[in-house]
Amino acid sequence: MSVLSTSPEEAGTSIPADPVSADAARPLGPVVMHRLAEMHAYVSALREQGLTVGLVPTMGALHAGHLSLVDALQQEVDTVIVSIFVNPTQFAPGDDYDSYPRTLDADVELLATVGVDAVFAPTPAEMYPQGELRTSILPGLPGRYFEGKTRPTHFAGALTVVNKLLNIVQPDVAAFGEKDFQQLVLVTNMVADLNLPVRILPVPIRRDTDGLALSSRNARLSETERVTALFLSKAVLAVQRQCVDGALPSEAKRVGLSLLEAQPGIEVDYLEIVEPQTFVPVADDVAGAARVILAARVGQVRLIDNAAVEIAGPSTEENA
Ligand code: AMP
């Protein structure tokens, strides 16, 4: 299927003056823009018509998990824009920036099937004309643990590009997946702390029928690794079940870890039950809402997963 697209060279000459009438004449798919100037003009035209705008920031290689974000946003706004940008500044040397899947044509075709209005797919040079990050957003304390510890420059890069995308598109609402739970918390904090005029819409994790959390990186798993990777969701769900059954956090965590450690081919980075705002591991004497978070390497592929858990708290004479 062909889609309307402007190449970076054409950009600036094909800005739809009126997105709604452009829509009517455009049964084929979303408008694809590569340039900031196009994006600005497109959004300005929407604003002139009083239409609300939603943004789904992605790195592409889209799957049904990303479509959940689109679907959630379509319930909230008139126009949904999906950005597709593999952001170099959130990858450290040695990370998988070069091997990260890039499938723009297939992504646009997929988005056409769900009625996405526009795609913003800038080049790195368009986003970083200086060729380097001169100014960046530093995450607060929750960004220093777990993903932030293993990948020390990751969140500064991710928050900075999200900030840039929010400034470029100026959406009313932006959707983020609970799949990247620590990122969702940090983005929510950034929006509050910097008074950004946007509402963050959290969207639950979408899983395959066998439980594996959908991820663009799953495409890099061999068949055998895909089977092994299932133990990540099994571990997370086992911890969740333990907590429902009244286990202490340390016991629940031990059950999850032993499931993973029994599997050859899994190298655990962390499995922890944390307080969901601060990311401080929960002690055995607390009760309430928490999050089990997990990162592990399966072969060359690093995967993450998480789930909400409710800690019953230690049993006492009265409630035993
Ligand atoms: P990515 O392209 O991996 O950077 O993800 C873009 C957005 O989609 C992020 O907000 C992710 O949290 C979200 N996302 C990715 N996979 C899933 C999933 N399986 N379920 C829900 N959201 C997801």
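Order of listing sets the numbers, starting from 1, for every ligand and every atom in it.
For the side-chain contact (heavy atoms from CB on, under 4.5 Å) test with D117, the passing option among V77, D78, T79 is T79; the others fail.
Applying the side chain to side chain contact (heavy atoms under 4.5 Å, CB included) criterion to A92, with sequence neighbours excluded, gives D95, T153. Judged as a side chain to side chain contact (heavy atoms under 4.5 Å, CB included), and not counting sequence neighbours, the contacts of L214 are H63, A64, R206, D208.
F91 and Y100 have perpendicular rings, their planes meeting at more than 60° on a 0 to 90° scale where under 30° would count as parallel.
Protein residues having a heavy atom under 4.0 Å from any atom of ligand 1 are P57, T58, M59, H63, G65, H66, L69, Y100, F176, G177, K179, D180, P204, I205, R206, L214, listed by chain and number.
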Which pairs of donor and acceptor atoms, one on a side chain in residues 133-143, lie under 3.5 Å apart (sequence neighbours left out)?
none

| said: One pair to check against salt bridge (charged side-chain N to carboxylate O under 4.0 Å, His left out): R217 and D96. What are the steps and the verdict? | reply: CA-CA 10 Å; R217 290 186 167 97; D96 55 354; 2.8 Å; yes
